[in-house]
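To keep things clear, I will list the structure first and then write my remarks on it.
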Amino acid sequence: MKPEKIEGFRNSLLKWYHKHRRPLPWRMNPTPYRVWISEIMLQQTQVKSAIPYFNRFVKRLPDIASLAQAPVEEILALWSGLGYYSRARNLHKAARKILEYWGGIFPNEYKTVLSLPGIGRYTAGAICSIAFNQPQPVVDGNIRRVIVRLNGIRSYIPEKYFWDRMTEWVPWEKASEFNQAMMELGATICLPAQPLCPRCPVRRYCLAKKQNLQSTIPLTKPRKAIVKVGVVILVIRYRGKVLLTRQDDSFIPGKWGLPVRIVPSGQSPEETAQSLNNKLFGGRLPIESLAVLKHSITHNRISAHIYTGNATGIISELLEAEGRTYWANDLQLDGMLTSSLFRKAVQRCRK
DNA sequence: GATTCGTGGAG
DNA sequence: TCTCCAAGAAT
């Protein structure tokens, strides 16, 4: 966009925003604390999903002090169902840090905000602009889509481009409203599919609209093909502990994992389970099919067939002599198992 | 820069 | 049922 057009663009956008913005709960009484909580909840999470969580959260934990002093279990319980649970743990860590270093007053310096756990470039900019009205740029999924359409960009461009545009465009006086307006436009008008161009307040600035390329911009990434994979996972217990093995070249992340084997094409999960049983226990450990879990890791779509069994003393000695296995207790499991698929499998067996 | 982390909405 | 993707951060 040419520099002389930026002012008109801002005015059209802000005027539209004042009239059409959604009355979201964090927009009334936008204290730094409420803006912070909302921005963390909204990371990779749709507004509609976050609303009931936000209301419940701020009702139970209305300020930094109550958040800092609450047990992390309670925070996780309030978060349960939202996903990305490290967000909840980082929220707790950050609250304690704010209480310790700044007496429970939310810091208003960008670099300080950025240093808090769970807060990256986007969220720091969002808090500083929305809560403190500082002219900090923000770039999220909505804004990327709006920018590539406005500028009619039909190729992949570096992330820096978006941040440079927002840095140019964000007004000194009305950063809070401008940033929210850009996101609101992407969320309600400049939709990924079938954007509502006739209702767009800035359509006259839009190159994609001018060239009728709204449906081909943004360029969709050439995603890796989805691969369907069947795996067999063993949950073997002995005296309350669970058998882990070293993960050498599994596509499942982590150094340690549950015994696992991919089901080769043409073989049934049952046969794979038996052959894994043969390898590990000489086929002498009775195992039982428990469940099938669905899970995705990047482009792999996994059907995990869970088998359970109880080891005997002799088998456990045999395995320990081999040195590539470990009996983990419940407390160790979470730390040792990187993959949530494995944690799900163990969790499922507790039921 | 590429991966991983969850869950649900919407077409 | 299947796919894409959502107010990203951490590594």
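Numbers restart at 1 for each chain; the letters A, B, ... are given by sequence-line order, proteins then strands.
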ILVMFWY clustering at 4.5 Å (side-chain atoms), partners of A/Tyr110: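 Grouped by the 4.5 Å side-chain rule, A/Leu114 form the rest of the cluster around A/Tyr110.
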
Write down the distance between [atom1] ([X]) and [atom2] ([N]), rounded to a whole number of angstrom.
{"X": "A/Leu76", "N": "B/dT7", "atom1": "CG", "atom2": "C1'", "result": "15 Å"}
{"X": "A/Ile130", "N": "C/dA7", "atom1": "CD1", "atom2": "C1'", "result": "7 Å"}
{"X": "A/Gln180", "N": "C/dA7", "atom1": "CD", "atom2": "P", "result": "13 Å"}
{"X": "A/Leu185", "N": "C/dA7", "atom1": "CG", "atom2": "P", "result": "12 Å"}
{"X": "A/Met41", "N": "C/dA6", "atom1": "CE", "atom2": "C1'", "result": "16 Å"}
{"X": "A/Tyr53", "N": "C/dA7", "atom1": "OH", "atom2": "P", "result": "17 Å"}
{"X": "A/Ile51", "N": "C/dA7", "atom1": "CD1", "atom2": "P", "result": "12 Å"}
{"X": "A/Ile37", "N": "C/dA7", "atom1": "CD1", "atom2": "C1'", "result": "15 Å"}

Tell me whether [X] contacts the main-chain N or O of [Y] through its side chain, where contact means a donor paired with an acceptor under 3.5 Å.
{"X": "A/Arg34", "Y": "A/Met28", "answer": "yes"}
{"X": "A/Arg145", "Y": "A/Pro218", "answer": "no"}
{"X": "A/Arg165", "Y": "A/Asn151", "answer": "no"}

Over all strands shown, is [X] touching base, sugar-phosphate only, or nothing at heavy-atom distances under 4.0 angstrom?
{"X": "A/Trp26", "answer": "base"}
{"X": "A/Gly81", "answer": "sugar-phosphate"}
{"X": "A/Arg89", "answer": "nothing"}

Of the nucleotides C/dA6, B/dG6, C/dA7, which one has an atom closest to the side chain of A/Arg22?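 It is C/dA7.
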
When the P atoms of B/dG8 and C/dA9 are considered, how many whole Å apart are they?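 My reading of the P atoms in B/dG8 and C/dA9 gives 22 Å.
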
C/dA7 and B/dA2, which share atom name C1', separated by this distance in whole Å: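 Comparing C1' positions in B/dA2 and C/dA7 gives a spacing of 22 Å.
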
Describe, in one word, how the ring planes of A/Trp327 and A/Tyr238 are oriented to each other, choosing from parallel (under 30°), tilted (30 to 60°) and perpendicular (over 60°).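 Taking A/Tyr238 first and then A/Trp327, their aromatic rings sit tilted (interplane angle of 30° to 60°).
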
Let me know, please, whether A/Glu159 or A/Arg87 comes out on the 5' side of the other along DNA chain B by nearest nucleotide.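 The residue whose closest nucleotide sits nearer the 5' end is A/Glu159.
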
With nearest nucleotide decided by heavy atoms, which residue, A/Gln46 or A/Ser86, maps closer to the 5′ end of DNA chain B?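 With A/Gln46 and A/Ser86 compared, the 5'-side residue is A/Ser86.
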
A/Lys48 side chain N/O closer than 4.0 Å to the phosphate oxygens (OP1, OP2) of C/dA6?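 No, because none of the side-chain N or O atoms of A/Lys48 sits under 4.0 Å from OP1 or OP2 of C/dA6.
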
List, with names and distances, any nitrogen or oxygen atoms from the protein found under 3.5 Å away from nitrogen or oxygen atoms belonging to nucleotides 8-11 of chain C.
residue : atom : partner  : partner atom : Å
C/dG8   : OP1  : A/Gly141 : N            : 3.3
C/dG8   : OP2  : A/Gln44  : N            : 3.0
C/dG8   : OP2  : A/Gln44  : NE2          : 3.3
C/dG8   : O3'  : A/Thr123 : OG1          : 3.4
C/dA9   : OP1  : A/Gly120 : N            : 2.8
C/dA9   : OP1  : A/Gly120 : O            : 3.4
C/dA9   : OP1  : A/Thr123 : N            : 3.0
C/dA9   : OP1  : A/Thr123 : OG1          : 2.7
C/dA9   : OP2  : A/Tyr122 : N            : 3.4
C/dA10  : OP1  : A/Gly118 : N            : 2.4

Which residues pass the salt bridge (charged side-chain N to carboxylate O under 4.0 Å, His left out) test with A/Glu109, not counting sequence neighbours?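 Residues passing salt bridge (charged side-chain N to carboxylate O under 4.0 Å, His left out) with A/Glu109: none at all.
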
Does A/Trp163 have A/Arg121 sitting over its ring (NZ/CZ under 6.0 Å from centre, angle to axis within 45°)?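 Pair A/Arg121/A/Trp163 counts as cation-pi.
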
